[in-house]
2 protein chains.
Amino acid sequence: MEDGRRPTSYDVARIAGVSQSAVSRCFAPNASIAPAKRELILKVAAEIGYKPNALAQALISKRTNIVAVIIAARTNLYYPEVLAEVGARLSEKDFRVLLFALSQESEVDGVLDQIWRHSVDGVISAARLSTAQVAQFAEHRVPVVLYNRVASGAASVRCDSGEGERDLVGRLLAAGHRRFGLISGPLDNYVGEERRSAALMALSMAGITEVPEVRGDFTYESGHAAMAELHARGCEAIIAVNDMMAIGAMDAARIDLGLSVPQDLSIVGFDGSGASRLGAYDLTTVRQPVRRMTEAAIELLIKRIEDASAPPEQRLFSGQMEAGSSARIAVEGY
Amino acid sequence: MEDGRRPTSYDVARIAGVSQSAVSRCFAPNASIAPAKRELILKVAAEIGYKPNALAQALISKRTNIVAVIIAARTNLYYPEVLAEVGARLSEKDFRVLLFALSQESEVDGVLDQIWRHSVDGVISAARLSTAQVAQFAEHRVPVVLYNRVASGAASVRCDSGEGERDLVGRLLAAGHRRFGLISGPLDNYVGEERRSAALMALSMAGITEVPEVRGDFTYESGHAAMAELHARGCEAIIAVNDMMAIGAMDAARIDLGLSVPQDLSIVGFDGSGASRLGAYDLTTVRQPVRRMTEAAIELLIKRIEDASAPPEQRLFSGQMEAGSSARIAVEGY
DNA sequence: TTGAAAGCGGTACCAC
DNA sequence: GTGGTACCGCTTTCAA
């Protein structure tokens, strides 16, 4: 076997004195093979270090046991948590992760191309997909589950940003805040816009329609920059649509503007990402149930991989308000 | 073609009235094919949506264009930056990433098994590999590049923690600090131990041999917990072997112990991770040149993929001291 | 239970 | 330049 190439099932067969088919069956889930023969084959296989070639298996069985994970860069400065969870859950189920981390949403088409070529069994997308792109999944018969995104006809798992945001705004209102400022996200981002409109809607129902708004790009820097402007416009309660921008705003408020948080200014975020829990920030935010969400995403995906006719289900989770110390809010029933 | 299966090169050949070989050549890098025929084939291919099957290509050509990336969980609470860089650089070179995110270092063996089965072209490992494991790479003829790890006989790219740590300690000493405390990492972690011994060595050369030490696990929480103990033992300059622990220590110092940083206490970290730059911390640390390091890792890897006989090179980078405001240090030549 | 043989969808080498 | 053909390493009938 030491001739350089890796051992194949034929090598095992030859040495064990059995047919190649027998070797194959030995490594199949419900083989029909005599125990003694099985022992022998496994022994030989172990000796020469034989492992089934995943490529060859996939080529014929039409099953790669690979799931592609697409993640948009900007969207999730907090994605490590999601990614780690997804990876762990998938490997428990014996799936490997082919990762596509986009730096631009425009790269999606190229990624899809690769996905088709590699015949992945399924896809989890935390990047925006157009209707046309979602349609391609159906054409190619590749199940997809969207993570915190929506698209008609596609399965999805998401955290109901609207509900969480309304909760947050309601509590800020109940605590007496009236001069709000909004740090929103890019126009093309689904969750950002969902949170933005939920916040504005909740405010307008309380009679507050003049809400200074600055659009950021989910980064610390953009939140930091937005703060100065909102302060100049008299805002006393800042609603940022994600945690990183809230944290940037908080630093700008405290360090650059010399304000006390939450005495002079209340700031809330959204996500419950790692950074929000840092002691220096202790952000009041809405935590997404990442673990439950990733589990659901994988459950939905595997269900659709195993039964192509399963309908594309949507799962909605609610976030958990985390009362930090970055905002004066009403904590109890308000 | 609408019979459910995806089009193959035979389908294209049949419709275009050419041989299957011609179709194959059409999609090969330096085809030898008549321009007119080429046009025709590409047109038909586009019409029926043909894409070469990566599995079949890989099976015969022995090239998957897939690189496995192994990342250990604890080690890199800052790995998103590394991962994003690696992914971006690899896709520029037309490689896909098969991601293995370990939650336990012990999972490495299982991961290696998957790696062999999937015939990846190369591996980048930011997880510890035993000598035996490194040897397996050689046996399987899979090039590997270690990221911030070392192992004899394996190519590696790393940031010289020793140099950076000595620099940091030297500056703390020059600023007059004498009562040091060390927050180190797990015993089995290479970079952690390298930084730890560099710090202790530098201190001992300055005549300081009594250095209270608490071992953490690279997390915020462990740094936070370590602080109380070090403070109780009279430390006034805290050296944490990574940023997250330094940040945890800083919060403990300021919030729980009511100390002013850096007036009462100096704290330094290591990595230059995203969190260190947050305004509330503005950590004095050593920044690893992540971008240059990932580029080097990929360059080394691709070189070895293309020329299996290329010797396993080691590249060492130096970190850049970032003078934040978390420590009183000597800034100029000391 | 077992082995022979036919593919899976390509690449590569071969005469022509 | 072109098509024929062997073959990559496995799964999957099928007949024995």
Side-chain angles (χ1 to χ4, degrees), chain A residues 1 3-42 44-45 48-66 116-121 140-141, chain B residues 1 3-42 44-45 48-66 116-121 140-141:
Chain A
M1 217 39 39
D3 59 351
R5 33 176 216 82
R6 47 186 276 202
T8 72
S9 56
Y10 279 95
D11 297 320
V12 178
R14 187 167 33 73
I15 298 177
V18 299
S19 75
Q20 180 271 339
S21 318
V23 179
S24 176
R25 279 195 291 263
C26 230
F27 289 85
N30 26 28
S32 139
I33 190 160
K37 188 161 280 190
R38 180 190 168 75
E39 290 293 295
L40 171 63
I41 294 177
L42 290 178
V44 173
I48 67 175
Y50 165 76
K51 319 258 175 185
N53 179 323
L55 258 34
Q57 287 182 310
L59 183 56
I60 181 123
S61 67
K62 268 95 176 67
R63 257 284 216 142
T64 50
N65 270 32
I66 289 180
W116 313 143
R117 290 168 127 83
H118 284 277
S119 329
V120 303
D121 291 340
H140 289 259
R141 292 179 174 64
Chain B
M1 217 40 37
D3 59 351
R5 37 177 212 80
R6 48 187 274 205
T8 72
S9 55
Y10 280 93
D11 297 320
V12 178
R14 187 166 33 73
I15 298 176
V18 298
S19 76
Q20 182 270 338
S21 317
V23 178
S24 177
R25 279 195 294 264
C26 230
F27 289 85
N30 26 28
S32 141
I33 190 159
K37 189 161 277 188
R38 180 190 168 75
E39 290 293 294
L40 171 64
I41 294 177
L42 289 178
V44 172
I48 68 175
Y50 165 76
K51 318 258 177 189
N53 180 324
L55 258 34
Q57 287 181 310
L59 184 57
I60 180 109
S61 68
K62 269 86 175 80
R63 259 286 217 138
T64 51
N65 270 31
I66 289 180
W116 313 142
R117 290 169 127 84
H118 284 277
S119 328
V120 302
D121 291 341
H140 289 259
R141 292 178 174 66

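We name chains A, B, ... by the order of the sequence lines, and we start the count at 1 in each one. The structure displayed is predicted, hence computed values, not measured ones.
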Rounded to 10°, the angle between the first-five-pair and last-five-pair axes of the helix from C:dT1-D:dA16 to C:dC16-D:dG1 is 40°
Check every strand shown and say whether A:Phe27 touches a base, only sugar-phosphate, or nothing at a heavy-atom separation below 4.0 Å.
-> nothing
To the nearest 0.5 Å, what is the distance between [atom1] ([X]) and [atom2] ([Y])?
{"X": "B:Cys26", "Y": "B:Glu39", "atom1": "SG", "atom2": "CD", "result": "8.5 Å"}
{"X": "A:Asp11", "Y": "A:Ile48", "atom1": "CG", "atom2": "CD1", "result": "5.5 Å"}
{"X": "A:Ile41", "Y": "A:Ser9", "atom1": "CD1", "atom2": "OG", "result": "10.0 Å"}
{"X": "B:Ile33", "Y": "B:Leu42", "atom1": "CD1", "atom2": "CG", "result": "8.0 Å"}
{"X": "A:Arg117", "Y": "B:Leu55", "atom1": "CZ", "atom2": "CG", "result": "12.5 Å"}

For [X], what residues pass the salt bridge (Lys or Arg N to Asp or Glu O under 4.0 Å) criterion, not counting sequence neighbours?
{"X": "B:Arg25", "value": "none"}
{"X": "A:Arg63", "value": "A:Asp121, A:Glu306"}
{"X": "A:Lys51", "value": "B:Asp113"}

For A:Ser119, which residues count as a side chain to side chain donor-acceptor pair (under 3.5 Å) partner, sequence neighbours excluded?
-> B:Arg6
Who are the side chain to side chain donor-acceptor pair (under 3.5 Å) partners of A:Gln57, not counting sequence neighbours?
-> none
What is the distance from CZ of A:Arg14 to P of D:dC10, rounded to the nearest Å?
->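 Rounded to whole Å, this separation is 13 Å.
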OP1 or OP2 of D:dT11 less than 4.0 angstrom from a side-chain nitrogen or oxygen of A:Ser24, does that happen here?
->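 Answer is yes, contact under 4.0 Å.
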Reckon A:Ser9 has a side-chain N or O less than 4.0 Å from the OP1 or OP2 of D:dC10?
->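 So the side-chain polar atoms of A:Ser9 do come within 4.0 Å of the phosphate oxygens OP1 or OP2 of D:dC10, strictly under.
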Does anything in residues 21-42 of chain B pair up under ring pair (Phe, Tyr, Trp, His ring centres under 6.0 Å), and if so which pairs, sequence neighbours excluded?
-> B:Phe27-B:Tyr50
Does B:Ser21 get its side chain close enough to the base of D:dG4, under 3.5 Å, for a donor-acceptor pair?
->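 Looking at the base of D:dG4, it does pair with a donor or acceptor on the side chain of B:Ser21 (distance under 3.5 Å).
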Listed partners of A:His140 passing ring-ring contact (aromatic ring centres under 6.0 Å, His included), at least two apart = A:Trp116
Sort me out a list of protein N/O and nucleotides 6-8 of chain D N/O pairs below 3.5 Å, or just none if empty.
from, atom 1, to, atom 2, distance (Å)
D:dC8, O3', B:Lys62, NZ, 3.1

Taking only residues two or more places apart in sequence, or in another chain, which ones meet A:Leu40 in a side-chain contact (heavy atoms from CB on, under 4.5 Å)?
-> A:Ala16, A:Val44
What N/O pairs connect the protein and nucleotides 14-16 of chain D at under 3.5 Å? Give each pair on its own line.
none

Could you tell me from which nucleotide to which nucleotide of DNA chain C, 5' to 3', there is an atom under 4.0 Å from chain A heavy atoms?
->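 Listed 5' to 3', the contact boundaries are C:dT1 to C:dG9.
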